[in-house]
Amino acid sequence: MNKQIEILEDVFNNFLGESNIFKNREALRHDYIPDYLPHREEEIRILGQILGPSLRGMLCSNVLVYGKTGTGKTAVAKFVINRLAAKANEIKSPLRVSFVNCRLAGTEYRVLSALCSSINVKVPFTGLALGEVFDRFKSALNSKRIVLVVALDEIDALIKERGDTLLYELTRINENLSKSKVSILGISNDLRFKDMLDPRVLSTLSEEEIVFRPYNAEELQDILKQRAEIAFKKGVSYEAAIKLCSAIAAAEHGDARRALDLLRVAAELAEREGKSIISEDHVYQAQKRIEHDRVAETLKTLPIHSKIVLLSVFLISKHKRKGLMTGDIYNVYCELCGEMNINPLTQRRVSGLINELDVMGLVNSRVVSLGRYGRSKKTTLGVPFKVVKEVFLEDERMRNMINYVPKYLNSIH
DNA sequence: TGTCCACTGGAACGTACGGCTT
DNA sequence: AAGCCGTACGTTCCAGTGGACA
């Protein structure tokens, strides 16, 4: 065995070997559905009551479920739907359920084809017109006696992408069906979703509404405790970590997903150190790590002009000039474009790009007035120098410019 | 008190592109 | 293959503006 194979052998064995920490890593993923959902009894009961009639072959009300990310909407919906399907199976009810994530599906076509496959209608991956697929869907429903409960997760994605034709058709489908019935459970974390909807669709869709409140710190703790018991081995000490994770997540938006991520990354850090104690320090490190990764990821995926604008901000702040006005940034931006052989955009557009960077949190900018000297946006870098440098060094086109000293800076004192 | 700077940000319009229909 | 449509991204034009300064 040569040296390299030995090294790999070691690395792989590390993964295969017994972990000090994890018993079941999956339990900390946010798509994991435990068989008990703490602090969501009420929501489960209400949703169960709404969907219940479908068990007896009756049409139930359409429901719209709202709430911010990580409030347990998807988990509750899946939980109830799964139980509903199990119960239907038990009593031989003609009930079918279908759970589709609209954002993951991507297009109306794929959402619809997922619905088709839930009632055993086969449609090709591509090639058919939407209307044709919908007709097949309807005629299949018409030929059988089925009560179909459709859960559309991240339903807002369906609207934003391409109007609301599919939703409109779906909400009206019962008018054209003689034997079967379709009920819709829509899940959205965009609270403005209702405004974007055609009022006719909205009124049909939201016969019932359930709003999910964010979790508070104590509730988050209960959730984490429950998951931790499944995920971690006996003897692993994690109480302090859980407290901190809950506190951090509660201070943000009461996002359980965030809390779980923190705990998972903290645990992985502890694991890598070969420890069986997940400390508060691990959580702080995890927080940094997650933030770092998020920023690095957004930086990487930025379009080229936004990158150059950001680099301009970076370079000017690096050379200790504070109070970057849009004019300064634009001048440096144009200079960089010249060096890189890229056609610069107009100042109007760059001003817009700065706003976009601001929304992403990569820069902070606010409009200030300098009286006689005009009115402009004052912009500062919103992320650590280190991260910007790190990411841009990996970028072939940006690499050479990271140490560039703009001539423009010499022309102003 | 009025002027005037250096922009901001809305609006209309141009262009490229991808997907769908014919 | 060709035409159509919606969307994304940019440009051009311009009215509007907060506050230092004369």
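Lettering of chains follows the sequences in order, A, B, ..., and the numbering in each one begins at 1.
Taking the six-membered ring wherever Trp is involved, the centroid distance between the rings of A:Phe232 and A:Tyr238 falls below 6.0 Å.
For the OP1/OP2 pair of B:dC7 and a distance below 4.0 Å, the side-chain nitrogens and oxygens of A:Ser351 include no atom meeting the criterion. In this structure, A:Arg375 does not reach the C:dT17 phosphate: none of its side-chain N or O atoms is under 4.0 Å from OP1 or OP2. OP1 or OP2 of B:dA6 has not a single side-chain nitrogen or oxygen of A:Lys377 nearer than 4.0 Å. A:Thr346 has no side-chain polar atom (N or O) that falls below the 4.0 Å cut-off from OP1 or OP2 of C:dG10.
When distances run from any side-chain atom of A:Ser369 to the nucleotides C:dA20, C:dG18, B:dC7, the shortest one goes to C:dG18. For A:Ser376, whose side chain is taken as the heavy atoms from C-beta onward, the closest listed nucleotide among B:dT8, C:dC21, C:dG10 is B:dT8.
A residue-by-residue look at A:Val367 and A:Arg372 shows that A:Arg372 has its nearest nucleotide of DNA chain B further toward the 5' end.
Residue pairs satisfying the ring pair (Phe, Tyr, Trp, His ring centres under 6.0 Å) criterion with at least one member in residues 328-356 of chain A, sequence neighbours excluded, are listed as follows: A:Tyr330-A:Tyr333.
Rounded to whole Å, atom C1' of B:dT8 lies 14 Å from atom CG of A:Leu370. The distance between atom CG of A:Leu345 and atom P of B:dG14, rounded to the nearest whole Å, is 19 Å. To the nearest angstrom, P of B:dC5 lies 16 Å from CD of A:Gln347. One interatomic measurement links the two molecules: CD1 of A:Ile304 to P of C:dG10, which rounds to 12 Å at whole-angstrom precision. The distance from atom NZ of A:Lys378 to atom C1' of B:dT8 is 17 Å, rounded to the nearest whole Å. Between the OH atom of A:Tyr330 and the P atom of B:dT8 there is a distance of 12 Å, given to the nearest Å. Look at CG on A:Asn355: it is 9 Å from P on B:dG10, rounded to the nearest Å. As rounded to whole Å, 16 Å separates atom P of C:dG18 from atom CE of A:Met325.
Within 3.5 Å, a donor on the side chain of A:Arg348 pairs with an acceptor on the base of B:dG10, or the reverse.
A:His282 and A:Glu273 are linked by a side-chain donor-acceptor pair at a separation below 3.5 angstrom, with hydrogens and angles left out of the test.
Both tests hold for A:Lys78 against A:Phe99: distance to the six-membered ring centre under 6.0 Å, angle to the ring axis within 45°.
A donor-acceptor distance shorter than 3.5 angstrom exists from the side chain of A:Ser246 to the backbone of A:Ile242, with no hydrogens or angles considered.
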